[in-house]
Amino acid sequence: MGIKKHIGTIVKIENNKMYIQFAKEAGCSSCEHKDSCGITEETNSFDFELQEGFNVGDNVIVSIEEKTLYKSALLIYIIPIILILFTAIVSNIISTKLNLGEILTPIATLLVTAIYFVLLRIKFRNKKIDMKVEKL
């Protein structure tokens with residue numbers, strides 16, 4: 001697995017955070033992560049923890065391991081879809097056997113999905129994504 005890198009510019013520093021703006025690059029249109037990386041047609045800025053020696057206007061390289069991207073995509077996109085489908089199937093079977101009508105399936109699906117995201121938030125509340133910011 002490799003490392004994904006994006007070049008950006010520090011556009012603002014406040015409250016111990018530096019805001020880095022990324023421009024969409026020419027290679028973005030063919031990138032397999034283009035729909036989920038957060039960089040759209042416009043330029044975007046993202047906040048990072050301020051590091052010593054960085055100033056507004058500095059050009060930087062932000063890098064992240066592909067393994068981290070895949071893990072994030074799995075936790076945020078793939079597992080919830082599987083969970084939704086599984087919950088819908090199981091709750092539909094249960095509601096059919098108990099003659100509960102169709103209301104159980106959407107309620108159970110929404111409830112289980114909400115619980116999943118709350119638990120995910122609790123588990124990763126204080127963890128940071130391992131990204132490296134370096135000056136160009």
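FYI, side chains are in, hydrogens and waters are out, and symmetry mates aren't considered; it's all heavy atoms of this structure.
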List the atom pairs, donor and acceptor, that lie under 3.5 Å between side-chain atoms in residues 51-61 and the rest of the protein, sequence neighbours left out.
{"from": "D58", "atom 1": "OD2", "to": "N55", "atom 2": "N", "distance (Å)": "2.7"}
{"from": "N59", "atom 1": "OD1", "to": "T9", "atom 2": "OG1", "distance (Å)": "2.9"}

Are I20 and I13 connected, step by step, through hydrophobic side chains (Ile, Leu, Val, Met, Phe, Trp, Tyr) whose heavy atoms are closer than 4.5 Å? yes
Identify the two heavy atoms, one from [X] and one from [Y], that lie closest to each other, and give their separation to 0.1 Å.
X: I76; Y: F117; value: O-CZ, 3.9 Å
X: Y116; Y: L75; value: OH-O, 2.7 Å
X: L100; Y: I103; value: O-CG2, 4.0 Å

Evaluate M18 against L50 for side-chain contact (heavy atoms from CB on, under 4.5 Å), listing each step before the verdict. CA-CA 5 Å; M18 56 185 175; L50 180 60; 4.0 Å; yes
To the nearest 0.5 Å, what is the distance between NZ on K132 and CD on E65? 10.0 Å
CG on L136 to CD on E134, rounded to 0.5 Å: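 Reported value, rounded in 0.5 Å steps: 9.0 Å.
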Any salt bridge (charged side-chain N to carboxylate O under 4.0 Å, His left out) pairs touching residues 110-125, not counting sequence neighbours? none
How would you list, by chain and number, every residue that makes a salt bridge (Lys or Arg N to Asp or Glu O under 4.0 Å) with E102, sequence neighbours excluded? none
Measuring only between side-chain heavy atoms, which start at C-beta, is [X] closer than 4.5 Å to [Y]?
X: F48; Y: V62; result: yes
X: F46; Y: F22; result: yes
X: L69; Y: I64; result: yes

Listed partners of K12 passing side chain to side chain donor-acceptor pair (under 3.5 Å), at least two apart: none
Tell me, please, which residues at least two apart from E49 pass side chain to side chain donor-acceptor pair (under 3.5 Å).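 Side chain to side chain donor-acceptor pair (under 3.5 Å) check on E49 returns K128.
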Going by atom type alone, with no hydrogens or angles, which donor-acceptor pairs under 3.5 Å involve a side-chain atom of residues 78-95 and a protein atom two or more places apart or on another chain?
{"from": "T87", "atom 1": "OG1", "to": "L83", "atom 2": "O", "distance (Å)": "2.7"}
{"from": "S91", "atom 1": "OG", "to": "T87", "atom 2": "O", "distance (Å)": "2.7"}
{"from": "S91", "atom 1": "OG", "to": "A88", "atom 2": "O", "distance (Å)": "3.3"}
{"from": "S95", "atom 1": "OG", "to": "S91", "atom 2": "O", "distance (Å)": "3.1"}
{"from": "S95", "atom 1": "OG", "to": "N92", "atom 2": "O", "distance (Å)": "3.1"}
{"from": "S95", "atom 1": "OG", "to": "G101", "atom 2": "O", "distance (Å)": "3.4"}

